[in-house]
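One structure is given below, encoded as structure tokens.
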Amino acid sequence: MSTELLTRRSVLKGGTTLAALSVLRVAGPEEAFGATGDEVLPWLDQPSTNPIPENLGNLLKWEDLDSRLTPTHNFFFTDHYGQPAQLDEPTWQVGVTGRVARPNVLSMSDIKARERHEVEFTLECSGNTGLPFFIGGIGNARWAGARLAPVLLRAGILDDDAEVIFWGADKGAVTIRDNSGILSAGQTGTGVPDADGGVDLTITEQFARSMSLRDALNPDNLLCYEMNGEPLPREHGFPVRLIAPGWYGVANVKWLTRIEVVEQRYAGRFMARDYVTIREGQRDGQTVWTFATVGHNRLKSAPAKVTRNNGRYSVMGAAWGDLIAAVEVRIDGGPWRRAGLDRSRSQRSGRHAWTFWNFDWGRPIAGEHTVTSRAIDIEGHVQPAPDDPFLASKRTFWESNGQITRRVLIA
Ligand SMILES: Nc1nc2c(c(=O)[nH]1)N[C@H]1C(S)=C(S)[C@@H](COP(=O)(O)O)O[C@H]1N2
Ligand SMILES: [Mo]
């Protein structure tokens with residue numbers, strides 16, 4: 001059992017946390033999300049068309065959220081190079097290569113012969129910025145597969161401080177501006193030096209992400225071939241993908257073909273060029289820029305829907321990204337008030353899964369209102385407001401976990 005779980009248990013046992021006080025007495029997870037007779041009010045602020053060029057589908061419509069597990073056919077998907085044309089389970093291979101004593105190749109039957117593990121994990125795209133256009137890049141599923149760590153250990157890692165690259169089968173042409181100037185004259189490649197001596201180098205790049213060996217050995221990581229009890233669908237990475245609970249979507253490499261152990265940091269497109277959080281800050285009176293590859297999930301929540309039942313109104317929502325201690329709701333920018341958390345389901349499989357919450361709004365006066373939520377983790381960290389300096393200093397839209405405000409009309 002992880003330390004986090006132990007801490008959480010003892011904290012709850014003490015009964016001193018707000019989490020313990022705000023537990024909703026509900027029979028099942030779905031009940032926190034509405035009773036029969038509930039009428040869902042539409043949000044006034046519907047997301048506009050997403051200008052992001054990537055292929056995106058099945059985005060979550062928050063008002064429709066009514067089950068803890070997102071049905072597979074409704075689970076958002078995205079890809080950056082299109083789906084690989086050849087996805088054939090009988091011939092599929094996952095190589096384990098690089099700085100290992102015993103490089104090897106796993107077939108799907110090798111992977112499926114290993115002990116099967118499940119993890120419930122809320123997968124969110126790090127580009128799920130918020131309104132106006134991207135709020136539905138999230139879903140929660142029960143993922144199943146073989147644990148990654150024993151596969152790595154069995155191969156015999158040769159460096160303790162190695163990096164592990166996860167390669168997808170999908171690839172595409174990318175153009176990289178190479179300003180190495182003088183080098184470009186003799187450079188072989190498809191590019192031609194321009195007036196500045198730079199070269200637009202076009203290559204075929206495979207989708208890949210890496211993490212430290214330490215992170216890769218996390219026992220929660222899966223070579224995943226099942227989603228909600230069904231074979232992984234093509235769009236979600238059939239026949240096998242990495243599931244790295246606690247990481248943003250991009251780390252969960254689909255159509256996995258190779259696991260490579262290397263000595264150096266990997267600086268491919270999705271580590272070092274795209275999916276990089278760039279911040280502008282001040283240090284000793286100087287402007288400094290920082291660059292960080294998209295990493296672990298961040299504490300976040302969202303109001304899902306407002307419902308009416310017998311003239312009383314409720315706000316329901318979800319919180320995720322960390323171990324949730326409390327959720328607070330504010331109406332029309334007023335005081336923060338505590339929501340009830342749905343703890344009805346054991347957290348056994350839930351430490352990486354979203355927590356549902358419910359706020360009793362009573363009988364608000366007619367008119368337009370705003371509804372904002374914020375999550376608080378078990379260490380007391382509070383989900384930041386969008387104008388929090390940490391978020392406001394961000395110059396790229398990745399990892400935007402700011403509080404979400406929605407608008408609703410009470411008739
Ligand atoms: N091979 C591969 N894996 C990938 C991607 C991709 O384009 N190719 N996209 C990543 C991103 S950015 C996200 S958000 C998640 C989405 O997972 P899903 O499509 O199963 O929801 O897959 C990740 N894994
Ligand atoms: Mo993503």
Side-chain angles (χ1 to χ4, degrees), residues 50 52-60 69-87 92 94 119-130 133-145 165-174 204-211 221-228 230-260 266 268-271 273-277 293-298 300 320-321 352 354 396-401:
N50 197 324
I52 298 174
E54 264 86 52
N55 182 27
L56 271 169
N58 276 352
L59 293 178
L60 173 68
L69 293 179
T70 310
T72 306
H73 62 270
N74 273 340
F75 202 104
F76 93 96
F77 59 84
T78 186
D79 52 65
H80 300 75
Y81 298 131
Q83 289 174 27
Q86 288 290 323
L87 294 172
W92 196 264
V94 180
V119 63
E120 196 178 315
F121 165 46
T122 301
L123 189 143
E124 184 188 19
C125 176
S126 52
N128 199 36
T129 341
F133 57 82
F134 194 11
I135 55 171
I138 184 167
N140 182 56
R142 197 178 302 134
W143 311 91
I165 312 177
F166 299 92
W167 296 91
D170 47 333
K171 51 180 182 282
V174 292
T204 303
E205 186 165 347
Q206 244 175 293
F207 185 93
R209 279 277 305 192
S210 76
M211 57 176 72
N221 294 338
L222 295 181
L223 300 175
C224 165
Y225 48 77
E226 241 180 68
M227 182 177 180
N228 293 332
E230 297 155 21
L232 205 56
R234 291 177 69 93
E235 63 273 24
H236 293 293
F238 175 87
V240 62
R241 78 181 299 175
L242 175 68
I243 281 292
W247 292 75
Y248 272 115
V250 68
N252 295 263
V253 177
K254 302 191 276 190
W255 313 298
L256 184 68
T257 54
R258 193 151 57 97
I259 302 168
E260 188 182 5
Y266 168 70
R269 172 177 165 193
F270 296 97
M271 292 300 286
R273 305 203 301 286
D274 285 356
Y275 288 81
V276 174
T277 292
T293 189
V294 165
H296 289 100
N297 288 120
R298 292 178 186 275
K300 196 166 171 184
W320 65 95
H352 295 295
W354 55 21
T396 47
F397 65 98
W398 312 112
E399 304 179 292
S400 296
N401 65 326

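As the structure lists them, so they are numbered: ligands from 1, and atoms in each ligand from 1.
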TODO: Could you list the atoms of ligand 1 found under 4.0 angstrom from a heavy atom of Thr78?
DONE: 11 (C), 13 (C), 14 (S), 16 (C), 19 (O)

Open item on the list: I want to know if ligand 1 touches Trp255 in the polar sense, i.e. an N/O pair below 3.5 angstrom.
Closed with: no

TODO: For side-chain contact (heavy atoms from CB on, under 4.5 Å), just list the numbers for Phe238 and Trp92, CA-CA rounded to whole Å, side-chain angles, deciding distance to a tenth of an Å, and then say yes or no.
DONE: CA-CA 10 Å; Phe238 175 87; Trp92 196 264; over 6 Å; no

Task: Taking atom 11 (C) of ligand 1 as the reference point, the nearest protein heavy atom with its distance - done: Val250 CA, 3.6 Å

- [ ] Among all protein heavy atoms, pick the one closest to atom 15 (C) of ligand 1 and tell me residue, atom and distance.
- [x] Gly249 O, 3.5 Å

Task: Tyr275 near ligand 1 by a heavy-atom separation under 4.0 Å - done: yes

Task: For Asp79, the ligand 1 atoms whose distance to one of its heavy atoms is below 4.0 Å - done: 7 (O)

- [ ] Answer yes or no: does an N/O atom from Lys254 fall short of 3.5 Å to an N/O atom of ligand 1?
- [x] yes

TODO: For residues Trp167 and Glu260, report the shortest heavy-atom separation together with the two atoms involved.
DONE: NE1-OE1, 2.9 Å

- [ ] Around atom 14 (S) of ligand 1, find the nearest protein heavy atom and jot down its residue, atom name and distance.
- [x] Cys125 CB, 3.5 Å

Task: atom 7 (O) of ligand 1: nearest protein contact (heavy atom, Å) - done: His80 ND1, 2.7 Å

Task: Ring centroid separation Phe166 to Trp247 under 6.0 Å - done: no

Task: Separation of Leu123 CG from Asn252 CG (nearest 0.5 Å) - done: 5.0 Å

TODO: Would you kindly specify which portion of Leu256 sits under 4.0 Å from ligand 1, judged on non-hydrogen atoms: side chain, backbone, both or neither?
DONE: neither

Task: Which residue and heavy atom of the protein sit nearest atom 24 (N) of ligand 1, plus the separation - done: Asn252 O, 3.0 Å

- [ ] Specify the closest pair of heavy atoms between Asp79 and Asn55, including all atoms of both residues, with the distance to one decimal.
- [x] OD2-ND2, 3.2 Å

- [ ] Have a look at ligand 1 and work out which part of Tyr248, if any, has a heavy atom under 4.0 Å from it: side chain, backbone, both or neither.
- [x] neither

TODO: Report yes if Phe76 has an N/O atom closer than 3.5 Å to an N/O atom of ligand 1; otherwise report no.
DONE: yes

TODO: Using the six-membered ring wherever Trp is involved, compare the ring planes of Phe121 and Trp143 and label them parallel, tilted or perpendicular (cut-offs 30° and 60°).
DONE: tilted

Open item on the list: Using a 4.0 Å cut-off to any heavy atom of His236, which atoms of ligand 1 qualify?
Closed with: 18 (P), 19 (O), 20 (O), 21 (O)

Task: Minimum heavy-atom distance between Cys224 and Ile243, given as atom pair plus value - done: CB-CG1, 3.6 Å

Open item on the list: Closer than 4.0 Å to some heavy atom of Phe75 - which atoms of ligand 1 meet that?
Closed with: 21 (O)

Open item on the list: Quick one, Arg209 with Met271, criterion side-chain contact (heavy atoms from CB on, under 4.5 Å). Give me CA distance, side-chain angles, the key distance, then yes/no.
Closed with: CA-CA 6 Å; Arg209 279 277 305 192; Met271 292 300 286; 3.3 Å; yes

Open item on the list: Taking 4.0 angstrom as the limit and counting only heavy atoms of Leu123, give me the atoms of ligand 1 inside it, by number and element.
Closed with: 16 (C), 17 (O), 21 (O)

Task: ligand 1 contact on Arg241 by region, counting heavy-atom pairs under 4.0 Å - done: side chain

TODO: Describe, in one word, how the ring planes of Phe270 and Tyr81 are oriented to each other, choosing from parallel (under 30°), tilted (30 to 60°) and perpendicular (over 60°).
DONE: perpendicular

Task: Region of Asp170 engaging ligand 1 - heavy atom pairs below 4.0 Å - done: side chain

Task: Separation between NE2 of His236 and CZ of Phe75, rounded to the nearest 0.5 Å - done: 6.5 Å

- [ ] Quick one: do Leu59 and Phe134 satisfy side-chain contact (heavy atoms from CB on, under 4.5 Å)? Show the steps, please.
- [x] CA-CA 9 Å; Leu59 293 178; Phe134 194 11; 3.7 Å; yes

Open item on the list: Any nitrogen or oxygen of Glu124, side chain or backbone, less than 3.5 Å from one on ligand 1?
Closed with: no

Task: Closest non-hydrogen atom pair between Gln206 and Tyr266, with its separation - done: O-OH, 4.5 Å

